[in-house]
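Quick notes on the structure that follows.
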Amino acid sequence: MGIVELLGVRSAAIVPLNVAGNRRGVVIASSAQHDFFTEEDLRFLQAVARWVGALAHRAELVQQLTAEAAERGRRLAADELVTVLAHDLGNYLAPIKARIDLLRRRARREDRQRDLQDAEAASQALDRLRRLIADLLDVGRLDQGIFAISPQAVDLSGLARETAAAFQAGSNAVRIGGESPVPALADPDRLRQALENLLSNAVRHSPEGAPVHLDVGLEGNGDGRWAVLTVSDQGPGVPPDLLPRVFNRYVRGSGSSGLGLGLYLASRIAAAHGGSLTVDSPPGQGARFRLAVPSGDELSGFRGEAP
Amino acid sequence: MEQTSGTQRLVLVVEDNPLTLDAVVAALDEEGYRVRRAVDGMDAIGEMQQEVPDLVIADIHMPRMSGGELVRRLREWNVPVILLSADTNWSRTAGVVFVPKPFDLDHLLDVAANLLDEG
């Protein structure tokens, strides 16, 4: 025996319950008498349903605003924490680095070659630690949803030349090709960080002496125009099993010594710009990373500012 | 000679971390600059009132005075300012030169020398 029979329901009026235009349920009035409800009862029931719907909508809005305020508060607190942490860690590293630099400067001035070499090695080791800390802080920012970029008009080819300059002293030269200027709408500091990560990855996987190629250009397709950086190396390429996960955090290739954050952060930086980072690695032909950010050529006056 | 003019230049270093303050002061001293030191913004303003330097090198996050207030007060003297901080939110502050921490000493000394040459 069903509930309707159990309750002795012989007639019912049913009206929809809408909250902010969306059907959420129904309001039912039932009676033990046949044909109990009049047109007037139905209109009354509709009014009740509208009223319940409006109250529910208000309650949900309040709930949503409260949740949003809590989220804003949490983000502010997280942002504050990361800023304080960055400042404190900087305060530990700064004096060490300054003293090593001072030793190096003095060794250079007094032409003490062995001390100069040791001071330089210590300085490089400290730089690696500094980059690791900066990367971990960025991972924290990404986790907390407070990783922000400030896009502006930049010339990608100039930025590529500046960034590559730091790599020219190493065993693998960086050869730059492509167009100039390449206007982009991007955060120059973040883009430099992404490109540094791509270049150091390419250098790390290159055979001794083999140059890394960095191409800069504009590309247009169906979804707009993109300013594109392409980094190609002549290394063994990305192993096929690693390819689907290469932009995940803490993923490391066999030749890597870091935490596996460089490509992950580069890809997050591209995404934060509304762009993309992709990799193409046919077996035995090296790896080719392509970083695309929105082009800035619609910005008036940009070409006038470019050198 | 460059060194001779360097010996007469006065640099005020404002830094609440004593280890960093000592290191920067040691480096500037070795370059032949005259150096005064302050441990926070209030202290720095006191030093400025005693003797106006040719250059100020200042941290941002220090006790007793906010970074914004310190920059605003320092501008009154029209002296070149290098902000030395790990907080890159200050990297685009108008009218000052930002050097991120941990800083490269060669770079900091180059920036300081350039600002002193311009001034």
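Residue numbering restarts at 1 for every chain, and letters A, B, ... go by the order of the sequence lines. Since the model is a prediction, treat every value here as computed from it, not as a measurement. FYI, side chains are in, hydrogens and waters are out, and symmetry mates aren't considered; it's all heavy atoms of this structure.
Ion pair A:Arg75/A:Glu71 flagged as a salt bridge, since at least one NZ, NE, NH1 or NH2 atom sits closer than 4.0 Å to an Asp/Glu carboxylate oxygen. B:Glu30 has a carboxylate O that lies under 4.0 Å from a charged side-chain N of A:Arg109, or vice versa, which qualifies the two as a salt bridge. Between A:Asp115 and A:Arg108 there is no salt bridge, since no side-chain nitrogen of the basic residue lies less than 4.0 Å from a carboxylate oxygen of the acidic one. Using a 4.0 Å cut-off between a side-chain N of Lys or Arg and a carboxylate O of Asp or Glu, A:Arg249 and A:Asp143 qualify as a salt bridge. A salt bridge between A:Arg106 and A:Asp101 is absent, with no side-chain N of the basic residue lying under 4.0 Å from a carboxylate O of the acidic one.
Heavy-atom neighbours of chain A within the stretch residues 37-60 of chain B, taken at a separation under 4.5 angstrom, comprise B:Asp59.
Taking B:Asp106, B:Leu19, B:Asp16, B:Leu21 one by one and counting their heavy-atom pairs under 4.5 Å with chain A, the maximum is reached by B:Asp106. Looking only at heavy-atom pairs under 4.5 Å with chain B, the residue among A:Leu102, A:Asp127, A:Ile96, A:Leu93 that has the most is A:Leu102.
Proximity to chain B (any heavy atom under 4.5 Å) is restricted, for A:Asp189, to the side chain, taken from C-beta onward.
For A:Gln113 and A:Asp111, the side-chain atoms include at least one donor-acceptor pair closer than 3.5 Å. A donor atom on one side chain and an acceptor atom on the other are not found under 3.5 Å apart for A:Gln117 and A:Arg114.
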